[in-house]
Amino acid sequence: MGKLTVRALRAVLVVVLAGTVFVQALMLWALIGGNDPEDGSLPLTPLRVITILGIGTAQVAMVCVWRLVTMVRRGTVFSHAAFRYVDAIIGAIVAAALVWFAVTALNAPGQRDDPGVTLIMGGVGLAILGVALIVLVLRTLLAQAVARDVEAAEMQAELDEVI
């Protein structure tokens, strides 16, 4: 991975992370201050809490990606330490899907006339879970690469002994 790519990715992560913290702070301010009166169409307080939690899942994933990129730059990504971050990303994606299903459940009573919206939202939740499965497959590939790296190191040590 090139230096320009790493710098660009880190710049994007910093901007997005700062933006999400700002939005979370505004949501928290609205929750504590009670600035918006609820008009009865949607319960705003649960949606704000769910939004804060959902943004938190994205932040966890971004921090883990940052750590993995650091490991890539150092050449240590093919180690057992990387699994901790990949597992956290999978957990964050699953949590995001659960948060999305909560939004779907909150929105469903207002969609009685058009249940297709609720079905589409449920489909989006399943798609989010599908992303978690994709990352799980990538974790398996990482495990295979780590095993090959360990095997190669052992073979190199044996070869060094012979020579």
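The figures that follow rest on heavy atoms only: side chains count, while hydrogens, waters and symmetry mates do not. This is a predicted model, so every value here is computed, not measured.
- Residue L136 holds its CG atom at 10.0 Å from CG of L141, rounded to the nearest 0.5 Å.
- Looking only at side-chain heavy atoms (C-beta outward), V6 and R10 come within less than 4.5 Å of each other.
- Put simply, the side chain of L138 does not reach to within 4.5 Å of the side chain of V86, judged on heavy atoms.
- Linking ILVMFWY residues whenever their side-chain heavy atoms come closer than 4.5 Å, directly or via other members, leaves M155 and V150 in distinct clusters.
- Linking Ile, Leu, Val, Met, Phe, Trp and Tyr residues whenever their side-chain heavy atoms come within less than 4.5 Å places V23 and I32 in a single cluster.
- With I55 as the fixed residue, the side chain to side chain contact (heavy atoms under 4.5 Å, CB included) test singles out one of I50, V21, T20: T20.
- In terms of heavy-atom proximity, L142 sits nearest to F78 at CD1-CD2, 3.7 Å.
- Hydrophobic clustering places V16 together with L68 (ILVMFWY residues linked when any side-chain heavy atoms are closer than 4.5 Å, directly or through intermediates).
- In this structure, CD in E158 is found 10.0 Å from CG in D160, a value given to the nearest 0.5 Å.
- For the residue pair A88 and C64, the shortest heavy atom distance occurs at CB-SG, 3.4 Å.
- Rounding to the nearest 0.5 Å places CD of Q24 at 6.5 Å from CD1 of I52.
- Taking CH2 of W100 as the start and CE of M121 as the end, the distance is 4.0 Å to the nearest 0.5 Å.
- The two residues G2 and R73 make their nearest non-hydrogen contact at C-NH1, 4.2 Å.
- Remark: L4 CG to L9 CG distance equals 11.0 Å, nearest 0.5 Å.
- Around atom CZ of R148, no more than 12 heavy atoms belonging to other residues, nucleotides or ligands sit under 6.0 Å away.
- Smallest separation of non-hydrogen atoms from A105 and P109: O-CD, 3.2 Å.
- Nearest heavy atom pair, residue V94 against residue A132, reads CG2-CB, 3.9 Å.
- Using a 4.5 Å heavy-atom threshold, the side chains of R67 and R84 count as separate.
- Counting heavy-atom neighbours within 6.0 Å of F101 CZ, excluding the residue itself, gives a total above 12.
- By the criterion of side-chain heavy atoms lying less than 4.5 angstrom apart, applied directly or through intervening Ile, Leu, Val, Met, Phe, Trp or Tyr residues, V103 is not grouped with L119; the two fall into different hydrophobic clusters.
- When the side chains of ILVMFWY residues are joined at heavy-atom separations under 4.5 Å, either directly or via intervening members, M27 and L106 end up in a single hydrophobic cluster.
- Residue A108 comes nearest to T118 through the heavy atom pair CA-OG1, 3.7 Å, listed as atom of the first residue, atom of the second, then distance.
- Between L17 and W66 the shortest side-chain heavy-atom distance does not fall below 4.5 Å.
- Separating the CG atom in L31 from the CG atom in L47 is a distance of 10.5 Å, to the nearest 0.5 Å.
- The shortest distance between side-chain heavy atoms of V65 and V69 falls below 4.5 Å.
- Within the 4.5 Å cutoff, the side chain of I93 has no heavy atoms near those of the T57 side chain.
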